[in-house]
Structures are given as C-alpha cells and as structure tokens.
Amino acid sequence: MQLDRVPPVRAYPQESGTCAPPDGVGSDACSSAEPASSAPPGERADARSWLLLVVLCFSVLGQGERFRVDPRFRTPNATLDTFWQALRSDDAETASLCLEDGGYTGPFPGAVWFLPPTRDLRLEAIHTLPVRRGRVMVNYEVHYFAVGVAEELSFHTENQLVQVRGEWRITPPLGNASFPEWRPIHRLTPI
C-alpha cells in the first residue's frame with residue numbers, strides 16, 4: 001500500500017482565515033487589492049517625510065505636566081533647615097513634608113523631644129557624605145537659644161536623606177539611634 005496516495009481524512013473542516021493556495025502555477029487568485037503602499041519595496045523615504053517626522057517629534061516634547069521642585073527641598077541642607085524650622089514653630093504638616101514617608105507622628109529617637117522652646121535655631125558645621133546616587137548622610141550641629149536662657153546651646157546629630165523626584169527627604173534612622181548628650185538648662189528666674 002502506498003500511503004502517499006491516500007488522501008488524509010479530516011474529521012472536522014478547518015478554516016484558517018486565509019485563502020487556500022491555488023492548484024498549479026497561475027495568477028494570485030486570493031489577492032484582489034493593490035499592495036498597502038504604492039512605493040516599490042526598495043524605495044526609501046524622502047527628505048520631506050523625514051522633516052515632517054522631526055517636526056512632529058519636537059512638537060510633542062514638553063507637552064506633559066510641568067514639574068516644579070519645591071525650593072524648600074531642593075538640596076539636603078535646605079530640607080534639613082526646613083525640617084528644623086518646622087519643629088521649632090510646631091508645624092507638624094511641614095515637618096511631615098520633609099520626611100520620605102510623609103508621616104510625621106512625632107520626633108524619632110535622637111531628634112527633638114528634649115528640645116525646649118527656642119527663639120532662634122540654626123544649623124552649622126554641615127558635612128555631607130554621598131552614600132550612593134540620590135542618597136546622602138549629613139552630619140551637622142544644631143545651635144539654638146532656649147527661651148529664658150542667655151547662652152547658646154548646641155548638639156551634634158546626623159540624618160540620612162534620599163532624593164525623591166528631584167526633592168530631598170529625610171529617612172528615619174535604621175536601628176537604634178543614639179541620643180545627644182543631655183545637659184540640663186539653667187534658666188534665669190526673676191526674683
């Protein structure tokens with residue numbers, strides 16, 4: 001028995017959606033329309049087409065929403081200054097904006113719960129150490145004048161900051177944070 005001469009048996013008729021190839025040699029019976037482009041297959045786009053493409057590309061540049069960096073968070077130093085001034089003035093909303101997660105629920109260990117009401121606060125001796133791109137460690141001193149005290153008080157602290165969408169934010173400390181050295185405040189009391 002010659003199996004190549006036996007036609008295959010199909011249990012179900014199948015339609016593939018394409019025309020069946022014609023029997024023998026002849027014209028293309030399936031195509032009744034012209035090819036999609038009228039240009040010969042080897043022809044390249046002319047200069048006018050390239051110019052239109054370039055103009056179209058430039059016209060869509062800058063069409064998105066404008067992104068502005070808040071000047072209070074433009075640099076790590078500006079973010080730290082904004083944070084400490086917010087804490088000095090009891091502005092929890094601005095303090096929350098300075099943190100990476102945005103959830104300021106109070107000072108984290110080593111921050112400010114020992115800090116008395118102050119009339120002046122500034123940051124000095126700021127040293128920035130890049131950890132990696134978009135992340136820095138900042139060591140600095142906080143100098144302040146407590147209300148009712150004539151001498152300037154200060155302590156040394158550090159924070160890690162990360163860059164989020166062009167703005168710098170303070171990250172909470174990892175692990176246990178050390179407290180600054182505590183010195184009691186000797187207030188002048190009127191007699």
Side-chain angles (χ1 to χ4, degrees), residues 10 12-108 111 121-142 157-175:
R10 291 192 173 164
Y12 303 102
Q14 295 181 351
E15 290 189 26
S16 66
T18 60
C19 296
D23 295 330
V25 179
S27 66
D28 191 5
C30 288
S31 66
S32 60
E34 288 292 317
S37 79
S38 59
E43 190 175 319
R44 297 195 181 262
D46 61 347
R48 182 174 166 235
S49 299
W50 282 108
L51 180 63
L52 284 171
L53 179 66
V54 168
V55 168
L56 178 67
C57 289
F58 276 111
S59 68
V60 296
L61 288 178
Q63 294 297 318
E65 181 180 338
R66 297 281 181 213
F67 179 74
R68 298 192 192 280
V69 175
D70 191 336
R72 298 176 297 174
F73 312 117
R74 191 174 301 259
T75 65
N77 295 357
T79 300
L80 288 172
D81 190 50
T82 302
F83 179 71
W84 284 97
Q85 293 304 327
L87 293 179
R88 180 179 161 267
S89 61
D90 294 328
D91 184 3
E93 183 178 332
T94 303
S96 294
L97 292 174
C98 295
L99 299 179
E100 178 186 19
D101 61 1
Y104 180 75
T105 59
F108 39 83
L121 186 136
R122 69 184 183 286
L123 306 180
E124 291 184 1
I126 300 171
H127 301 286
T128 305
L129 175 68
V131 176
R132 64 175 188 246
R133 184 182 168 125
R135 184 175 291 268
V136 295
M137 181 66 80
V138 182
N139 295 315
Y140 57 97
E141 293 177 4
V142 178
T157 189
E158 63 185 26
N159 288 108
Q160 189 171 16
L161 288 93
V162 294
Q163 195 171 23
V164 179
R165 294 186 209 103
E167 298 179 340
W168 289 92
R169 303 288 193 227
I170 301 169
T171 61
L174 300 173

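Quick note: numbers below take in every heavy atom, side chains included, and nothing from hydrogens, waters or symmetry partners.
- For the pair Q85 (side chain) and L121 (backbone), a donor-acceptor distance under 3.5 Å is present.
- Inter-residue side-chain proximity for V138 and I126 is flagged as met; some heavy-atom pair is nearer than 4.5 Å.
- One finds the CD1 atom of I170 at 5.0 Å from the CZ atom of F83 (value rounded to the nearest 0.5 Å).
- Residues N159 and Y140 have side chains that bring a donor and an acceptor to within less than 3.5 angstrom of each other.
- For the pair L80/L123, a side-chain contact is recorded, criterion being any heavy-atom separation below 4.5 Å from C-beta on.
- Remark: T75 OG1 to D81 CG distance equals 9.0 Å, nearest 0.5 Å.
- You'll find the side chain of R122 stays beyond 4.5 Å of the side chain of V142, heavy atoms only.
- Checked for salt-bridge contact, R169 and E167 meet the test: a charged N lies under 4.0 Å from a carboxylate O.
- Atom CD of E124 is surrounded by more than 12 heavy atoms from other residues, nucleotides or ligands within 6.0 Å.
- Shown here for P76 and V136, the closest heavy-atom pair between the two residues is CG-CG2, 3.9 Å.
- To the nearest 0.5 angstrom, E158 atom CD is 9.0 Å from Q160 atom CD.
- Using a 4.5 Å heavy-atom threshold, the side chains of T171 and R135 count as touching.
- With respect to D46 and R48, no salt bridge is recorded, no charged nitrogen being found less than 4.0 Å from a carboxylate O.
- At distances below 3.5 Å, not a single donor-acceptor pair connects side-chain atoms of T94 with backbone N or O atoms of A86.
- Note: W84 CH2 to C98 SG = 11.5 Å, rounded to the nearest 0.5 Å.
- L161 places a side-chain heavy atom less than 4.5 Å from the side chain of T79.
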Run N77 and T128 through side chain to side chain contact (heavy atoms under 4.5 Å, CB included) and show every step you take. CA-CA 9 Å; N77 295 357; T128 305; 4.1 Å; yes

Yes or no on side chain to side chain contact (heavy atoms under 4.5 Å, CB included) for R72 and L97, after CA distance, side-chain angles and deciding distance? CA-CA 10 Å; R72 298 176 297 174; L97 292 174; 3.8 Å; yes

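- Shown here for A78 and P71, the closest heavy-atom pair between the two residues is CB-O, 4.0 Å.
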